[in-house]
There are 2 protein chains.
Amino acid sequence: MLSCPGSASKSQHQAVRDTLDVISGKWKLVILAMLLDRPYRFKELSRELGISPRVLSKELQEMEQHQLVRRTVCDTRPVTVEYASSDHGRSLLSVVQAMSDWGYLHHETIVGKKRSDDPAAKMG
Amino acid sequence: MLSCPGSASKSQHQAVRDTLDVISGKWKLVILAMLLDRPYRFKELSRELGISPRVLSKELQEMEQHQLVRRTVCDTRPVTVEYASSDHGRSLLSVVQAMSDWGYLHHETIVGKKRSDDPAAKMG
DNA sequence: CTGTATCCCGTAAGATACTG
DNA sequence: CAGTATCTTACGGGATACAG
């Protein structure tokens, strides 16, 4: 899986593309990040993320197709539906984790750079 | 950074969103995956990925803005330009790696599932 | 070769209203 | 509450021709 410089890249960037196809869009990974924490109901996700029902529905359906989430109808009144991460969805944890970590790092890096670059940071 | 269930999620999904903003689109991560292997010239990337100059240019500019790549004009004739990953870009390695790994896994999982589902897989 | 300018299209995604 | 229908807009992204 390694060593030979340049040879792994071909299939590697293909694998990256495959993954990107599955988690495309602004929302899927964010939704998954939440479901990795605990199950959520439709409305909960909608409110928590500020995402319209139409879009949320579509995202969840695509994620179901790709077997990232499981949809469970609860026999309550009125009926509620619970979405939870599947095992396959959990296998994306490393990706979510990496992206979440990097999100923080990026923030730090950019803010840090700005501070030491910005003359105004010298106060005054 | 952990333990308390449900409390980390709020900022975590925000971090994921931040990252998604930076690496949005079909191409940035794929380009970066290549540059993590070695530097490439504009045309090389264009050909290797089958991406039109207009789009490639835009992607690279955005990546420069976010300090993921460095652009170097080579004093050749005719002039060539080399794109390389920056340190900050390299900090995305874990993300690229995770996504590349998952790309393979997803393939296996889907194909595997299909096999054990498929009655024909019982073969004779 | 490295880009930019133009043109064009599909779709991602938001707002809102409505149904079961 | 869960989700769909409809409408609308913005933008991603492809093709091509052209410029430096």
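All chains are named by letter (A, B, ...) in the order of the sequence lines, taking the proteins before the strands, and each is independently numbered beginning at 1. Computed from heavy atoms alone, side chains included, the values below leave out hydrogens, waters and symmetry copies.
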Closest non-hydrogen atom pair, [X] against [Y]:
| X | Y | answer |
| --- | --- | --- |
| R41(B) | E44(B) | N-OE1, 2.8 Å |
| Q12(A) | Y104(B) | N-OH, 3.6 Å |
| R17(A) | V30(B) | CG-CG2, 3.5 Å |
| V22(A) | K28(A) | O-CD, 3.4 Å |

Inset, instruction - Hey, which sits more toward the 5' end of DNA chain C by its nearest nucleotide, I51(A) or T80(B)? - result: T80(B)

Select one nucleotide: of [options], the one nearest the side-chain heavy atoms of [X].
| X | options | value |
| --- | --- | --- |
| P53(B) | dG14(C), dG13(D), dT4(C) | dT4(C) |
| R41(B) | dT2(C), dG14(C), dA2(D) | dT2(C) |
| V81(A) | dT16(D), dA2(D), dG13(D) | dA2(D) |
| S52(B) | dA13(C), dT16(D), dC1(C) | dT16(D) |
| K43(A) | dG14(C), dG13(D), dC1(D) | dC1(D) |
| W27(B) | dG14(C), dT2(C), dG13(D) | dG13(D) |

Legend entry - Distance-only donor-acceptor test (3.5 Å): side chain R54(B), base dG3(C): no

How many whole angstroms separate atom [atom1] of [X] from atom [atom2] of [N]?
| X | N | atom1 | atom2 | result |
| --- | --- | --- | --- | --- |
| L49(A) | dA13(C) | CG | P | 13 Å |
| D21(A) | dT11(C) | CG | P | 14 Å |
| I23(B) | dG12(D) | CD1 | P | 15 Å |
| L56(B) | dA15(D) | CG | P | 13 Å |
| D75(B) | dT2(C) | CG | P | 14 Å |
| R77(B) | dG20(D) | CZ | P | 20 Å |
| I31(B) | dG13(D) | CD1 | C1' | 12 Å |
| L45(A) | dG3(D) | CG | P | 10 Å |

Inset, instruction - Using a 4.5 Å cut-off on heavy atoms from C-beta on, say whether the side chain of L49(A) contacts that of M34(A). - result: yes

Taking only N and O in the side chain of [X], is any of them less than 4.0 Å away from OP1 or OP2 of [N]?
| X | N | value |
| --- | --- | --- |
| K26(B) | dG14(D) | yes |
| Y83(A) | dG3(D) | yes |
| K58(B) | dG13(D) | no |
| Q61(B) | dG3(C) | no |

Heavy atoms only, 4.0 Å cut-off, all strands: where does [X] land among base, sugar-phosphate and nothing?
| X | result |
| --- | --- |
| E62(A) | nothing |
| E59(A) | sugar-phosphate |
| R71(B) | sugar-phosphate |

Inset, instruction - Quick one: sort the H106(B) and H88(A) rings into parallel, tilted or perpendicular, breaks at 30° and 60°. - result: parallel

